[in-house]
Undergrad: 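Before I ask anything, let me first share the structure, which is written out below as C-alpha cells.
Quick note on labels: first sequence line is chain A, next is B, and so on, each numbered from 1. Below, each value reflects all heavy atoms present in this structure, side chains not excepted, and no hydrogens, waters or symmetry copies.
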Number of protein chains: 2
Amino acid sequence: MRVSIKDVAKAAGVSHSTVSRALADNPLIAAETRKRIHRVARRMGYVPDAIARGLVTRRTQVIGVIVTTIEDPFVAEVVRGIEQVAGDNGYRVLLGTSHNDPTREMNQVKAIRESRVDGVIVAASRVGALYQAHLKEIGVPIVLINNQNRQKSHRIHSIAIDDAQGGQLATQHLIEQGHRVIAYLGGPPDHAANRDRLTGYQRALAAAKLPFDPALVQSGTGRVDGGAAVVQFLSHTPTPTAIFCYNDMTAIGALRTLKERGVRVPDDLSLIGYDDIPFAAYVDPPLTTIHQPKDEMGRLAMQMLLDLLAGKKVGNVSVPGRLVVRGSTREI
Amino acid sequence: MRVSIKDVAKAAGVSHSTVSRALADNPLIAAETRKRIHRVARRMGYVPDAIARGLVTRRTQVIGVIVTTIEDPFVAEVVRGIEQVAGDNGYRVLLGTSHNDPTREMNQVKAIRESRVDGVIVAASRVGALYQAHLKEIGVPIVLINNQNRQKSHRIHSIAIDDAQGGQLATQHLIEQGHRVIAYLGGPPDHAANRDRLTGYQRALAAAKLPFDPALVQSGTGRVDGGAAVVQFLSHTPTPTAIFCYNDMTAIGALRTLKERGVRVPDDLSLIGYDDIPFAAYVDPPLTTIHQPKDEMGRLAMQMLLDLLAGKKVGNVSVPGRLVVRGSTREI
DNA sequence: CATTGGTCTGCAAACGTGTGCAAAGGAGAG
DNA sequence: CTCTCCTTTGCACACGTTTGCAGACCAATG
C-alpha cells in the first residue's frame, strides 16, 4: 500500500495541508514542525504522487517527444540532448514514434493530448507538417525540429538546421578541390531538408559559375538503400567526379554500390555525406561530411521549450552545419 | 480552456456520470443516449484527461523505460521494440537515461516512482543491479533486460541474451575455420555480458581441446576506443590468427587500429564481433558477428510486462544469438 | 484588561474522472 | 389497478494533492 500525505499527517499529528506545505519547504510552517514532518515522511517512505499533484497544479512536468523512429542515429542524438536538459530541469520525457505511418502519427498526437504534457517537441517532419492544426489544439507550447513549413504562430516554434547553408558548404568544398562535374544524390523529394540541401548545392554551383544539370540530380530514400541510385550517374556524360549525398546513410549505400562496381573512392570519385552520424568516421574510406550539432539541437529545442513554459518570447533558431573533412573526398 | 466531461454533460443535458459511462461504451447507457453524447463530445472537442483518469483508476497506461543511453544503437532498437508493442496495447513510454551516472540513475528511479507508472523496463544493467531494492519498492512489475543477477522475485523478472551461448557460437565458428590461436578482446570486466561471453569462449576452446591462455584475454570499454587494445595481442607469441571481440563497437575500433598498423582483415587476422549493429554490414570488411534479436527482445520484454500486468505467471526468458557470417573472418 | 498584530495551522474546496448504490420511470403480469 | 422487475439515469464519494481563507494562539502594545 502506498503511503499518502494523509498517512504522514496522521503519524505526525498534523493536518495533511501542513504536511503538504512542510514538504514544499513553505516558510509559513514553523521550522521545527517542518523538520519533524520531513523526518516522519522519510521514515514512512513517503513518495509524492505526481498524478495527483498534476491534477491540481495543472502541470505534469512531462514533455512529449514525437519522433519518426528512435533507431535513426540522428534522432537518437537529438533525443539524448532533449532528455538531458529535460532531466536537469525536472522534466520527464514521454516518447512516441510515428514511423511515418499515418495511423501511428494520429495516435501519437492523440496520446500526447490526453497525457496533459506541459509541452511538445516534434522531430518528425511529417507530423510537424500534417498535424499542425491538431498540435495547436493541444494548447501547450510546441517546438518543431527540422520541420517543413516555418510559419509563425504564437504557440508553435521551430529550430532547424540551415540545410541550404550546409548544402552550399558541402558543394563548395568539392568545388574548392577542383571538381567541376558534381552530382547530387538526394533524399525523399517531399522533404524540405532535401529541397534545401539541393538549393545550397545550386547556390554553390552558381557562385562558382558552374552550370546546373538536372540530370545530375537524383532523389532517393534517405536510407542506405537509397545509395544504390548512384549507378545512374556512372553512365552520364561527362561522368561526375564528385557526388554530394543527401545524408550519410545514402553515402554509405553509395559507397557500397560503388565498391561492388569497382569504382574507388576517393580515387575515382569523391563522395561527401551529410549529418556526421557516429559511424561516418568508421566506414572505409572515412566519410567527409557536414556535421550537424545533433545533441545540441536537442538541448536547444528543450531550452526553447523551457523558455516558452516560463512565458519568455523566443525567436526561431537556425543552426549552421560544419564541414568535417575525412577521407572520401580528394583534390582532383 | 479545456473542455471537461462536465461541460459535455451540461451541453447534452445529462449528468457527468452518464457521459463518463457513455464514452466508455458502457451498455448500461441507452444506445441513443450514448450516440448523442458521443456526437456532442466530438463536436465540443472533448479529450479525456489521462491524469484525472489515472488518479481514480490507479492505472496510468504509462510504462517507464530506463536505459543507459539512447545513442547506443543496441539500446535504440530495444526501445523501438518496446515502444511498438506498448503503443499497440495502449501504453505510452516514459523514457529515462542513466548514462551510468549514479546521480542520474538515482533520479531516474525516483522519477519513475513518483510518476506512478504501471510497470518498468530496465535496459541499464547497472541500474538493474544496484537499485534492485529501490526498484522493488516502486511496487509495480519490473522487467530487466540483460541484467546481471538473475535472482528470482515475484515482482522482478528478466529477459536476457544467452551470452554464453553466443560467445561459444562465435568462437566455435573461428575454430571451424581452422583457427587454433584465438584471442578474446573483451568489454568492461564488471559486466555480466562480458563474463558470459568469455565463458562461452572458454567452453568452445575446451570442446575443441584447445588450451586457454589468459594472456589472450584483454578487457576494454565496449566502445570504439576499446578496440585499440588489440595491439596487445600483436606482440604475443604465438600471434593469434583470430580475435573474438566483445561487441561490434569494439571490433570496429580494432579494425581501425589494425588498419593503421597495416594488419589486413581477414587476410592476416580474422575478426568476429557481437551484436550485429546496423553498421556492422557496412564497415570494411563487413563484420562477421553474432546477431542479437534486439527489437524482438524489446517486444518480448514489453509482452512480458503486459502479461505481468494481466496477472499472468511468466518465466524468465533467454534469447539465443545467431551467427552472421560476413567478410571479417576466413578459413585458414 | 482589551485590542492589535503576527505567526502558525487547519478547514474546505478544487482539479477531472470512475463507479457503487439508490432511485426514477416504464412495461408487463396478475 | 397494483405490484414487480428491468432499464436507464443521477447522486455522491473517492483518488492524492495544492492553496485561499479563516481561525487559534500568543505576545506586545495602549
Undergrad: Rounding to an integer number of Å, can you tell me how far B/Lys10 NZ sits from D/dG10 C1'?
TA: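 After rounding, the gap between these two atoms is 16 Å.
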Undergrad: Can you identify which nucleotide, out of C/dT9, C/dG10, D/dT18, has its nearest atom closest to the A/Thr33 side chain?
TA: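 Per side-chain heavy atoms of A/Thr33, the pick is C/dT9.
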Undergrad: How many Å lie between CZ on B/Arg58 and P on D/dC15, as a whole number?
TA: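 Going from B/Arg58 (CZ) to D/dC15 (P), I get 8 Å.
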Undergrad: By nearest heavy atom, map B/Gly13 and A/Ile5 onto DNA chain D; which one lands nearer the 5' end?
TA: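 Nearer the 5' end of the strand: B/Gly13.
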Undergrad: Check every atom of D/dG10, D/dG16, C/dT17 against the side chain of A/Asp49 and return the nucleotide holding the closest atom.
TA: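 Nearest nucleotide to the side chain: D/dG16.
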Undergrad: Between A/Ser15 and C/dG10, is there a contact of a side-chain N or O with OP1 or OP2 at under 4.0 Å?
TA: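 It does, given that an N or O in the side chain of A/Ser15 lies less than 4.0 Å from OP1 or OP2 of C/dG10.
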Undergrad: Checking side chain to side chain contact (heavy atoms under 4.5 Å, CB included) for the pair A/Ile66/A/Tyr131: CA distance, chi angles, key distance, verdict?
TA: CA-CA 12 Å; A/Ile66 302 183; A/Tyr131 303 91; over 6 Å; no
Undergrad: Atom CD1 of A/Ile51 to atom P of C/dG18: distance rounded to whole Å?
TA: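 Roughly 14 Å, once rounded to whole Å.
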Undergrad: Given atom CD1 of B/Ile37 and atom P of C/dT17, what is their separation to the nearest angstrom?
TA: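 Going from B/Ile37 (CD1) to C/dT17 (P), I get 14 Å.
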Undergrad: Do the side-chain N or O atoms of B/Ser20 get closer than 4.0 angstrom to the phosphate oxygens (OP1, OP2) of C/dG18?
TA: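 B/Ser20 to C/dG18 OP1/OP2: side-chain N or O found under 4.0 Å.
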Undergrad: Return a table of donor-acceptor pairs under 3.5 angstrom between the side chains of residues 16-32 of chain B and protein atoms on other chains or two or more places apart.
TA:
{"unit_1": "B/Ser17", "atom_1": "OG", "unit_2": "B/Ser15", "atom_2": "OG", "d": "3.1"}
{"unit_1": "B/Thr18", "atom_1": "OG1", "unit_2": "B/Ser15", "atom_2": "OG", "d": "3.2"}
{"unit_1": "B/Asn26", "atom_1": "OD1", "unit_2": "B/Leu28", "atom_2": "N", "d": "2.8"}

Undergrad: Within this structure, what is the NE2-to-P distance between B/His16 and D/dT8, rounded to whole angstrom?
TA: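 Value for this atom pair: 20 Å.
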Undergrad: Taking atom CG of B/Asp7 and atom CZ of B/Arg2, what is their separation to the nearest 0.5 Å?
TA: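 One finds 11.0 Å between CG of B/Asp7 and CZ of B/Arg2.
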Undergrad: Rounded to whole Å, please give me the gap between CG in B/Leu23 and P in C/dT17.
TA: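 Checked: the CG to P distance equals 9 Å.
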Undergrad: Let me know the distance between CZ of A/Arg2 and C1' of D/dC15, rounded to the nearest Å.
TA: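 Atom-to-atom, A/Arg2 to D/dC15, this comes out as 12 Å.
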Undergrad: Identify the residue among B/Leu306, B/Val143, B/Val140, B/Ile82 that makes a side chain to side chain contact (heavy atoms under 4.5 Å, CB included) with B/Ile63.
TA: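 Of the listed residues B/Leu306, B/Val143, B/Val140, B/Ile82, the side chain to side chain contact (heavy atoms under 4.5 Å, CB included) partner of B/Ile63 is B/Ile82.
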Undergrad: Could you run down nucleotides 20-28 of chain C 5' to 3' and tag each one B, S or - for protein heavy-atom contact under 4.0 Å?
TA: B--------
Undergrad: Look at the side chain of A/Arg53 and decide which nucleotide, out of D/dG10, D/dG16, D/dT17, has an atom nearest to it.
TA: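 Shortest atom-to-atom distance from the side chain points to D/dT17.
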Undergrad: Would you give the length of the straight line joining atom CD1 of A/Ile37 to atom OH of A/Tyr46, rounded to the nearest 0.5 angstrom?
TA: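 It is 11.5 Å, given to the nearest 0.5 Å.
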Undergrad: Looking at A/Pro141 and A/Asp118, what are the two nearest heavy atoms and their distance?
TA: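 Taking A/Pro141 first and A/Asp118 second, the nearest heavy atoms are CD-O, 3.5 Å.
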Undergrad: If you check every side-chain atom of B/Thr18, which of D/dG10, D/dT18, C/dT17 has the closest atom?
TA: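 Selected nucleotide (nearest to the side chain): D/dG10.
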Undergrad: Specify the separation, in whole Å, of atom CZ of A/Arg59 and atom P of D/dT19.
TA: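 One finds 12 Å between P of D/dT19 and CZ of A/Arg59, rounded.
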Undergrad: Any Lys/Arg nitrogen of A/Asp49 or A/Arg53 sitting under 4.0 Å from an Asp/Glu carboxylate oxygen of the other?
TA: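 Salt bridge flag = no for A/Arg53 with A/Asp49.
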